[in-house]
Amino acid sequence: MIPLEQAQKRIFDDVTVLDVIDVDLLSARGLVLAEPISTVEPIPPFANSGMDGFALRAADTSGGSEATSRRLDVVATIAAGSVAPRPLEAGEAMRIMTGAPIPEGADAVIMVELTRTEGDVVEVLAEAPVGNHIRPAGDDLAEGIVVFHPGVVLSPGHLGILASIGRERVQVYKRPRVGVFSTGDELVVGPQRLAPGQIRDSNRPTLLALVEEAGFEPVDLGLLVDDEVLIEAALTAAVSNGTVDALLTSGGVSMGDFDFIKRVLGRLGEMNWMQVAIKPAKPLAFGLLGGIPIFGLPGNPVSVMVSFELFARPAIRKMMGHVDLHRPHVIAMADEPLRRSPDGKIQFARVVLNQQADGAFRVRSAGGQGSHHLSAMAAANGLAVLPDGEGVGVGGMVRVMQLG
Ligand code: AMP
Ligand code: MG
């Protein structure tokens with residue numbers, strides 16, 4: 001058995017970042033930026049009003065109050081998207097809308113709620129200090145600065161800034177297309193009655209969903225029977241037709257008589273066949289076939305998810321340009337014992353993590369901890385990391401990987 005970190009390092013060292021592509025903004029959400037972004041103009045581009053109200057000179061409002069209003073002549077109306085017809089003079093006001101440019105000569109805005117209008121005269125019922133409700137040019141972002149560095153994961157807010165500075169396309173790392181195969185003679189799909197010995201393929205929908213949740217593009221490659229020739233043909237075709245950037249298989253990597261995935265991959269590619277010191281998900285095959293990383297994940301439904309989380313997800317995140325590869329971890333207090341026995345492995349217990357009102361995390365078991373207990377995996381929102389030993393008792397502290 002090899003330690004978890006060693007297995008992870010071997011895999012992460014072997015995968016390389018995918019190509020940089022040029023995409024339109026609406027396709028860029030969730031992708032990793034591959035170029036520095038600089039502002040070419042200030043944002044906002046001009047001083048503008050933060051309120052609907054009146055642009056005026058602050059000095060003209062001096063002493064203004066409900067009882068002692070200041071009367072100013074309203075000489076123009078400035079809508080957002082238009083500009084004042086002429087500079088503002090002393091004793092004047094211009095009606096101004098949110099986002100409209102501040103006219104030359106004005107140094108403050110009073111909001112409409114603090115005024116009364118009578119015909120072409122506005123009564124100002126409060127003092128407006130200089131700069132009141134004015135959003136200066138460049139107040140958000142100055143001109144000529146780097147706003148985003150490569151490695152930023154583009155969120156809706158980032159896309160808003162890119163649009164604000166006139167960018168229509170952006171350079172990002174490609175979204176990895178991840179092919180998913182299930183293997184096993186016992187597997188069927190659909191609602192029909194199961195023949196003796198059959199089960200339904202649950203790993204494929206699970207993996208396809210995990211792939212999509214991770215922000216990769218899932219590619220369903222179907223079911224493979226336990227036939228060495230067919231498996232070899234299918235894997236070879238999948239890596240050579242240019243439709244996937246990474247491949248996931250489940251099943252067939254264990255010690256059984258019909259575990260052909262391991263054998264085929266060992267023959268075709270540079271495969272690492274690993275027994276990782278973790279439970280669940282001890283067996284793992286990993287290697288490159290035609291330059292495409294292949295993750296031979298175990299078959300048991302819980303193992304396949306844990307193996308995806310520990311190996312495939314972070315490695316494919318690296319391919320996608322992510323700097324931060326792993327799920328977040330928190331420290332939580334056990335509300336019930338999370339027991340295990342010493343076996344030289346790190347155990348990952350399926351748990352339900354709750355955040356208390358004070359922000360502290362509590363954790364309890366999500367149910368049966370067998371590698372076939374998919375019900376506990378479905379109920380879990382975390383994997384408690386139990387180092388080799390006896391586990392933790394009530395009140396003990398444990399590190400928990402948060403799941404999506
Ligand atoms: P294997 O590693 O192929 O021996 O599979 C280990 C266990 O996982 C066996 O009980 C298989 O029936 C089960 N298994 C393998 N693949 C799947 C799948 N796609 N869906 C559900 N169970 C599976
Ligand atoms: Mg099998």
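Note that ligands are numbered from 1 as they come in the structure, with each ligand's atoms numbered from 1 the same way. Values in this document were obtained by computation on a predicted structure and should not be read as measured data. Counting begins at 1 with the first residue of the sequence.
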Self-check item: Nitrogen or oxygen atoms of Pro298 and ligand 1 under 3.5 Å apart
Solution: no
Quiz item: What about His133 and Phe54, are their ring centers closer than 6.0 Å?
Solution: no
Quiz prompt | Ser254 N/O to ligand 1 N/O under 3.5 Å | solution = no
Self-check item: Under-4.0 Å salt bridge between Arg177 and Asp245
Solution: yes
Quiz item: Glu232 and Thr236: side-chain donor and acceptor closer than 3.5 Å?
Solution: no
Quiz item: So which bit of Ser202 gets within less than 4.0 Å of ligand 1, heavy atoms only: side chain, backbone, both or neither?
Solution: both
Exercise. Within a distance under 4.0 Å of any heavy atom of Ser182, pick out the atoms of ligand 1 and give their elements.
Key: 19 (N)
Quiz item: If you measure from each non-hydrogen atom of His372 to ligand 1, which part falls under 4.0 Å: side chain, backbone, both or neither?
Solution: neither
Quiz item: Based purely on interatomic distance, does Asp201 place a nitrogen or oxygen under 3.5 Å from a nitrogen or oxygen of ligand 1?
Solution: yes
Quiz item: Between His158 and Phe148, how do the two ring planes meet: parallel, tilted or perpendicular, split at 30° and 60°?
Solution: perpendicular
Quiz prompt | Donor-acceptor pair between Asn203 and Thr206 side chains, under 3.5 angstrom | solution = no
Practice problem: Sort out for me which residue in Phe308, Phe311, Phe286 forms a ring pair (Phe, Tyr, Trp, His ring centres under 6.0 Å) with Phe295. | Solution: Phe286
Exercise. Classify the contact between Leu187 and ligand 1 as side chain, backbone, both or neither, using a heavy-atom distance cut-off of under 4.0 Å.
Key: side chain
Quiz prompt | Close approach, Gly252 and ligand 1, non-hydrogen under 4.0 angstrom | solution = yes
Exercise. May I ask you to check whether Gly299 has an N/O atom sitting below 3.5 Å from an N/O atom of ligand 1?
Key: yes
